[in-house]
Structure formats: structure tokens, C-alpha cells
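This report refers to the structure that appears directly beneath it.
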Amino acid sequence: MSIKETEEGIMENETEERGFELNMKSFLWHGGSVYDAWFSCASNQVAQVLLTLPYSFSQMGMASGVILQIFYGFMGSWTAYLISVLYVEYRSRKERQNVNFNNHVIQWFEVLDGLLGPYWKAIGLTFNCTFLLFGSVIQLIACASNIYYINDKLDKRTWTYIFGACCATTVFIPSFHNYRIWSFLGLGMTTYTAWYLTIAALVHGQVEGVTHSGPTKMVLYFTGATNILYTFGGHAVTVEIMHAMWKPRKFKYIYLMATLYVFTLTIPSAISVYWAFGDELLTHSNAFSLLPNSPWRDAAVILMLIHQFITFGYACTPLYFVWEKVVGMHDTNSILVRAVTRLPVVIPIWLLAIIFPFFGPINSAVGALLVTFTVYIIPSIAHILTYRSASSRQNAAEKPPALIGGWRGAFVVNVVVVVWVFVVGFGLGGWASMTNFIKQVDTFGLFAKCYQCPPR
């Protein structure tokens with residue numbers, strides 16, 4: 001073989017290796033398909049809240065728990081659909097004006113600004129950022145709560161310090177394009193944990209003298225209901241997930257498909273754990289705390305920790321984008337520069353997780369005060385106002401499905417959502433969840449060193 005032939009062979013091998021590396025990088029790192037969006041929605045929708053749903057069942061009873069899961073699951077799917085429609089409408093109008101979105105991630109408050117004006121932008125920005133901030137706080141609290149059941153040599157507050165530093169590494173993940181492998185793994189981890197809870201509770205059987213007295217008090221009933229409202233209100237990142245898709249118009253039914261899968265995780269696990277432990281769950285907001293030590297439980301705890309790291313990234317990434325835009329660094333291509341810019345966002349999250357370590361009650365409070373407006377009321381009203389004129393309905397980029405009765409049916413559904421969520425979710429839920437939250441503060445105090453830890 002000649003020297004020239006040898007050199008050509010080496011060059012071909014190098015080209016093939018580079019091609020393989022690029023293909024692997026794309027496979028693991030660059031997502032934008034319908035399947036990526038489905039995994040992102042399903043993985044983000046059910047995380048640590050899976051461990052608090054049995055606690056909610058003990059507050060409100062099994063029948064109400066199942067019915068409200070289904071009810072809020074479909075309601076959440078409807079408002080996620082509305083958000084996707086408004087995103088497509090906004091982007092269609094901007095593209096007709098030759099606006100280029102290269103190196104710019106569209107966010108929900110920008111959609112509201114483009115369709116309804118600056119006041120709606122301010123409302124959307126306030127609620128969305130506050131909800132995502134506390135959503136990140138909840139993931140951090142859950143990390144400390146879960147790891148304690150494997151290693152109780154450190155208190156939960158110390159674990160919060162440690163996991164705050166670990167979760168800060170999400171600043172290096174540029175956008176939702178880059179969560180492809182993480183969303184796939186995250187859903188697998190949640191699926192394992194859900195079925196571990198179901199099987200472990202059934203194998204354990206009912207504790208001696210078990211009682212299922214819920215609901216016993218209005219305050220407990222509506223606290224549990226708002227936790228379920230929170231469970232199916234995880235679509236505050238819908239716009240960012242859509243923007244990461246290659247064909248965003250295909251998103252509109254993805255969240256519904258994700259919700260149907262999530263039902264297979266949340267309903268069996270909550271029913272089984274509540275059946276086994278009953279009213280004991282009223283003082284044990286984390287389902288792990290009642291299940292016996294075993295390698296299976298340890299595996300579930302570890303997988304949930306990893307998944308909570310992923311979900312922390314989901315909740316925090318839109319906040320990173322907002323902060324980048326505020327300081328003028330959103331257009332930079334340097335991952336390192338963007339990571340350094342993002343770090344200040346993590347500090348208040350870390351601090352709030354240390355101040356309010358109330359795993360379980362904080363979910364209900366966030367659900368009642370923030371989720372209600374962020375992902376239920378605001379999208380419904382925004383959809384009504386955007387398409388209030390005949391010309392806007394005629395030129396709409398996406399028209400409502402005939403199944404619900406077209407524009408008239410969509411208007412009726414939106415009004416029902418707004419009234420129900422405002423009265424039941426924000427009104428009664430806000431009263432109940434804040435009453436319960438204040439009770440936790442009075443009992444354990446702010447900066448609680450080890451919330452609901454058993455006495456040594």
C-alpha cells in the first residue's frame with residue numbers, strides 16, 4: 001500500500017470518528033422532537049410531589065384524592081394547550097414581521113407582551129418567576145428530605161447546603177434542547193419510584209389499627225386539594241419546551257399525553273401508600289418516612305435525588321434566561337460566561353430552602369398562591385382577550401378543537417377554569433394552605449434544623 005493510500009485511509013477513519021462523535025452528541029445532547037417534548041413534560045410534571053400525594057390523600061380521603069387528580073390533570077392539560085396556542089400565535093405574528101429568534105429563547109411573559117401589552121407582561125413575569133423560584137426551592141427541600149432517610153448523620157439543613165451546591169451546576173446546561181438524555185432518565189427514575197411505592201406498600205400491608213378518617217377538617221381537605229392542583233400545574237415552562245422543539249406546532253396535545261402517563265404513576269402509588277398507613281401520613285408528608293429500610297427504598301431515594309436535580313434545572317432554566325436578558329448576556333455563545341452570569345439566581349433559592357424547609361405544606365402554599373394564577377387563570381384570561389374580536393378569531397394561527405364546541409366552547413371552558421381556580425384553588429386553598437403553613441412555622445420555627453425528623 002502506498003503512502004498516499006495510507007494517508008487517505010487515516011483521513012477517512014478520522015472523518016468517521018468525528019461523525020460518530022457528532023451523532024452521539026446530537027443523540028444525547030440536542031433534543032427537539034415530539035418525543036423529547038413528551039419526555040420533558042412527563043418528567044417535569046411529577047417529581048418530588050409524588051412523595052407527598054399520599055399525605056394529601058390522608059388529608060382529603062381516597063375518593064376525593066383520585067377524583068381531583070383526574071379533574072386537575074385534565075384542567076392542567078387544557079391550560080397547557082392554551083399556552084401552546086398563544087405561543088404559536090405570537091411567533092406567527094412576529095415571523096410575519098421578519099423577527100429573527102436566533103440566540104433568543106421566547107418566554108411566556110414575552111408572549112403576553114406581544115399579544116396583550118406591557119401590563120400583561122409585568123403580570124406574567126411576576127407570577128411566572130416567583131412560581132419557578134419557589135418550585136426550585138421545593139426541589140432543594142425535597143433533596144434534603146429524601147437523603148436523610150439514607151444517611152441521618154447529617155441534619156436536613158446541612159444536606160440542603162450540600163445539595164444547593166450540587167444543583168448550582170445546572171448553570172452549565174444551556175437550554176431545554178440539552179435536556180434530552182436527562183428527561184428520558186428522569187422519567188425512568190420517577191417511574192421506578194412510583195412503582196416501588198405501590199409495591200412496597202402492598203407488600204408491607206396495613207399497619208396495625210390503621211384508620212382512614214379523612215377528610216376530618218376543611219383546612220386539611222383544601223390543603224390536600226391545592227397540593228394536587230400544584231401537581232398538575234407544572235407547565236410553567238411550556239413555552240421554553242416548545243421553543244426548543246423543531247416543530248413547535250406539534251406540541252398542542254403532548255401535555256395531555258404526558259398527563260395520561262403520569263396518572264399511571266400518581267394514582268396507584270398514592271392509593272397504595274394511603275391504604276397501608278392511613279392517618280399516620282398526616283404527620284409524615286414524605287412517603288419514604290413510613291416505608292421500611294431496604295435496598296429497594298435506598299435505590300428509589302437515590303433515583304429521586306437525581307431526578308430532583310434534573311427538575312431543579314427545569315424550574316431554574318427559565319429564571320436563568322430572564323436574568324441573562326436583564327444583564328444583557330442572553331445572546332452570548334460562551335457556556336462558561338453564561339454559567340457565571342447565572343450563579344446569582346441560585347443564591348436566593350438556597351436561602352429560601354433553608355428558611356422554609358417545610359416539605360409538603362410548602363407545596364400547597366405555592367399551589368394556592370402562585371400556581372393558580374401562573375398556569376390556570378392567566379392563560380385562560382389571556383386566551384379570551386387575545387381572541388375577543390371576530391377578526392382575531394378568523395385569522396387565528398390555531399383554532400379550538402370542534403370537540404369542545406369551537407370558539408364558544410373554549411370561552412365557556414376558560415370561564416369555568418378561571419372561576420373554579422380562583423374560588424376553590426386560590427380562595428379556599430389559599431386560606432387552608434396558609435393556615436397549615438403558619439402552623440408549621442409556629443411548631444418548628446423558621447430555619448428548622450431537621451423538619452419532621454424522628455426524635456433521637
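Reckoned from all heavy atoms, side chains included, excluding hydrogens, waters and symmetry mates. Quick caveat, the model's predicted, so the values are computed rather than measured.
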Q: Of all the heavy-atom pairs spanning Phe277 and Val210, show the shortest one and how long it is.
A: C-CG2, 3.7 Å
**Q.** Over 12 non-hydrogen atoms of neighbours within 6.0 angstrom of NZ in Lys121
**A.** no
Q: Verify, without hydrogens or angle tests, whether Ser334 (side chain) and Val337 (backbone) share a donor-acceptor contact under 3.5 angstrom.
A: yes
Q. Are the side chain of Thr223 and the backbone of Ala432 linked by a donor-acceptor contact shorter than 3.5 Å?
A. yes
Q.
Measuring centre to centre across the rings, with the benzene-like ring taken for any Trp, is Trp78 within less than 6.0 Å of Tyr81?
A. yes
Q: Report yes or no: does Arg297 contribute a side-chain atom to a donor-acceptor pair with the main-chain N or O of Phe288 at less than 3.5 Å?
A: yes
Q: State whether the number of non-hydrogen atoms from other residues, nucleotides or ligands found under 6.0 Å of Trp431 atom CH2 is greater than 12.
A: yes
Q) Near Phe184 CZ, under 6.0 Å, is it more than 12 heavy atoms from other residues, nucleotides or ligands? A) no
Q.
Classify the ring geometry of Tyr196 against Tyr192: parallel below 30°, tilted from 30° to 60°, perpendicular beyond 60°.
A. parallel
Q: Could you check whether the rings of His330 and His104 sit parallel, tilted or perpendicular, using 30° and 60° as the cut-offs?
A: perpendicular
Q: Check whether any side-chain N or O of Ser289 sits under 3.5 Å from a backbone N or O of Asn286 as a donor-acceptor pair, and report yes or no.
A: yes
Q | Backbone of Gly313 reached by a side-chain donor or acceptor of Thr170 within 3.5 Å | A | no
(Q) I'd like to know if the side chain of Arg342 reaches the main chain of Val171, judged simply by a donor and an acceptor atom lying under 3.5 Å from each other, with no hydrogens or angles considered. (A) yes
Q. Under 3.5 Å, side chain of Gln206 to main-chain N/O of Trp275, donor-acceptor pair present?
A. yes
(Q) For Met329, is there any backbone N or O sitting under 3.5 Å from a side-chain donor or acceptor partner on Thr332? (A) no
Q: Kindly check if the number of other-residue, nucleotide or ligand heavy atoms within 6.0 Å of CZ (Phe422) is above 12?
A: no
Q: Apply ring-ring contact (aromatic ring centres under 6.0 Å, His included) to Tyr230 and Phe134, showing your working.
A: CA-CA 12 Å; Tyr230 170 83; Phe134 277 96; over 10 Å; no
Q.
Salt bridge or not between Arg91 and Glu110? Use side-chain N to carboxylate O under 4.0 Å.
A. no
Q: Verify, without hydrogens or angle tests, whether His212 (side chain) and Tyr274 (backbone) share a donor-acceptor contact under 3.5 angstrom.
A: yes
**Q.** Backbone of Val239 reached by a side-chain donor or acceptor of Gln107 within 3.5 Å
**A.** no
Q | Exceeds 12 heavy-atom contacts within 6.0 angstrom, atom CH2 of Trp38 | A | yes
Q: Starting from the C-alpha separation in whole Å, work towards a yes-or-no answer on ring-ring contact (aromatic ring centres under 6.0 Å, His included) for His284 and Tyr55.
A: CA-CA 7 Å; His284 295 80; Tyr55 168 65; 9.8 Å; no
